[in-house]
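Per chain, numbering begins at 1; letters A, B, ... match sequence-line order.
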Protein chains: 2
Amino acid sequence: MATTTLQSSCNHGFIKTSCFDCNLKTLCLPIAMDVRDIEKLDKIIQRTRPIQAGEHLYRSGDHFKSLYAVRSGSIKTYLIDDEGVEQVTAFYLPGEVLGFDGIANSIHSCNVVALETSSVCEMPFERLEELTLVIPGLQHHFFQLMGKQIETDHQMMLTLSKKNAEGRIATLLLGLSRRYGRRNLSRTALRLPMSRMDIGNFLGLTIETVSRTFSRLHKDAVISVDGREIVIKDPEKLEHICHDHA
Amino acid sequence: MATTTLQSSCNHGFIKTSCFDCNLKTLCLPIAMDVRDIEKLDKIIQRTRPIQAGEHLYRSGDHFKSLYAVRSGSIKTYLIDDEGVEQVTAFYLPGEVLGFDGIANSIHSCNVVALETSSVCEMPFERLEELTLVIPGLQHHFFQLMGKQIETDHQMMLTLSKKNAEGRIATLLLGLSRRYGRRNLSRTALRLPMSRMDIGNFLGLTIETVSRTFSRLHKDAVISVDGREIVIKDPEKLEHICHDHA
DNA sequence: CGCCCCATTGAGACGGCTCAACTTGCGTGG
DNA sequence: CCACGCAAGTTGAGCCGTCTCAATGGGGCG
């Protein structure tokens, strides 16, 4: 590869300076791209300093400038309505792309905050829109990313609208399991990056109900729970609970 | 304009053969476009025969081919999960664009059905992707449309997760009112295009609760209800109910 | 050690669901 | 023309899952 200098401010061993070297590229760039094209893309991507837990990447009302790919750590997005009610809208893990909430009005509608020390790749959107005209498939790729987000949101609407507390928790756990698996991490033993409060807010439940549901699933030997450490002991039963309507 | 022959199979007086003549273009094409560019776009758009109530435009699993702009009538989209549970994910009114659920995997994930006799403009997506490279702003426009969909879905997640029955109904009514207003129709007197069942399914409520909630709002003189005919009598109070958390 | 935050667990209240009866409107056929 | 069936909507009574309120436990950190 052409680019050589190693990123200085990175504290995670696997972070590389180029998309080409990044082991997450199969997740956030799953398209066949010419080496020359990757270089073009690489040039516009800014690898910023790590974000600390609780630090915001951007807030509702901020001017929309960029999309972001999570490189390490984990991130949540949330809305705040007129009355101050908050709604966690998504959790983002390494290899996932966020920031689409700003495209429609050039103003972000979401708030984005790190759940732990995290790092992101910033992709200035105007530059990206120029590149999509030059790099074959890149436009389609971003349409796909947004389409995927829409499908995920629709699944979430189904979860919130039709499932009970157990089904919601099971759905969340299986989703996280699958996403961890895509990164070749354990699908059965996972550490939740978010608090019970975040889980409850996301799933439309109180923290008490979240806690009780974890306890019940533990008692029923479907999972084991130790704080944020979860082990999925019976994936099939969890799947069944997840699909259990009402 | 260049195009001249009048569409034969149209039974709605205001339907025109060209985007240029269409009075909905400020909704589905709110960008400054050269007359020549509109012609290019116009050439790829297919104006199909009307869809009857209950007829599907496409179904989950169908190959993704096109986006659709609603020209007249109204349309609902819904998911069916593994267990056969259905979730209405959106209602689409004239001037609104749907079909993004197929982009990610080239396979549609939603089912789309007409709530009444409706007509749509079909926009073959591959052609569209070619045109975006030629017509300035068109790519950004479709990014915006998808971004808007994502924001709408996030608001829906908040509604499903945080609002009680009254709040959900109020949110739906105000949303419809606003969208009718954009088409210069009455914001206060509206005819619901969907059944109580559809409303309940969409909002995560049973039809009984929907019915009771309408009755209560009627009794409290916030709205008047006569079957599907709704009159919003106290918009401010409705707004207040809508923002009433829990 | 003591404080604070997060999580867990229990008891009671309440909103929406379930089940059921009834009404209304509409199309069909006797 | 009315009788009938059917689908959609309304209303009531009782139940159940989740929320609310409250007390307790435990881990990190000054």
Is [X] salt-bridged to [Y], cutoff N-O under 4.0 Å?
X: A/Glu122; Y: A/Lys65; result: yes
X: B/Arg179; Y: B/Glu96; result: yes
X: B/Glu55; Y: B/Arg49; result: yes

Query raised in the report: Can you tell if the side chain of A/Tyr68 reaches within under 4.5 Å of the side chain of A/Tyr58, non-hydrogen atoms only?
Result: yes
Write down the distance between [atom1] ([X]) and [atom2] ([N]), rounded to a whole number of angstrom.
X: A/Leu192; N: C/dA7; atom1: CG; atom2: C1'; result: 13 Å
X: A/Asn201; N: D/dC19; atom1: CG; atom2: P; result: 12 Å
X: A/Lys162; N: C/dC17; atom1: NZ; atom2: C1'; result: 13 Å
X: B/Arg168; N: C/dC17; atom1: CZ; atom2: P; result: 8 Å
X: B/Leu205; N: C/dT18; atom1: CG; atom2: P; result: 11 Å
X: A/Ile169; N: C/dT8; atom1: CD1; atom2: C1'; result: 14 Å
X: B/Glu166; N: C/dC14; atom1: CD; atom2: C1'; result: 15 Å
X: A/Arg216; N: C/dG10; atom1: CZ; atom2: C1'; result: 14 Å

Requested in this report: Could you check whether A/Gly204 gets within reach of a base, just the sugar-phosphate, or nothing at all, counting any heavy atom under 4.0 Å?
Outcome: sugar-phosphate
**Report entry** Distance-only polar pair, side chains of A/Ser72 and A/Ser118, donor-acceptor under 3.5 Å
**Finding:** no
Provide a list of protein-nucleic acid N or O atom pairs under 3.5 angstrom, restricted to nucleotides 6-14 of chain D.
from   : atom 1 : to       : atom 2 : distance (Å)
D/dG9  : OP1    : B/Arg196 : N      : 3.3
D/dG9  : OP2    : B/Arg196 : N      : 3.2
D/dT10 : OP1    : B/Arg196 : NH2    : 3.1
D/dT10 : OP2    : B/Arg196 : NE     : 2.9
D/dT10 : OP2    : B/Ser211 : OG     : 2.8
D/dT10 : O5'    : B/Ser211 : OG     : 2.9
D/dT11 : OP2    : B/Ser215 : OG     : 2.4
D/dG12 : N7     : B/Arg212 : NH1    : 2.6
D/dG12 : O6     : B/Arg212 : NH2    : 3.3

Report task. Please say which of A/Arg212, A/Lys237, A/Arg216 ends up in a salt bridge (charged side-chain N to carboxylate O under 4.0 Å, His left out) with A/Glu166. Result -> A/Arg216
Report task. Check DNA chain D for consecutive Watson-Crick or G-U pairs with both distances under 3.5 Å and list the runs of at least three as stems. Result -> C:1-30 with D:1-30
Query raised in the report: Knowing that exactly one of A/Asp101, A/Asn111, A/Thr89 qualifies, which makes a side chain to side chain donor-acceptor pair (under 3.5 Å) with A/Thr77?
Result: A/Thr89
Requested in this report: Please report the closest heavy-atom contact between B/Ala114 and B/Ile75, naming both atoms and the distance.
Outcome: CA-CG1, 4.1 Å
Report task. Mark yes or no: B/Arg182 above the aromatic ring of B/Tyr180, with NZ or CZ under 6.0 Å from the six-membered ring centre and no more than 45 degrees from the axis. Result -> no
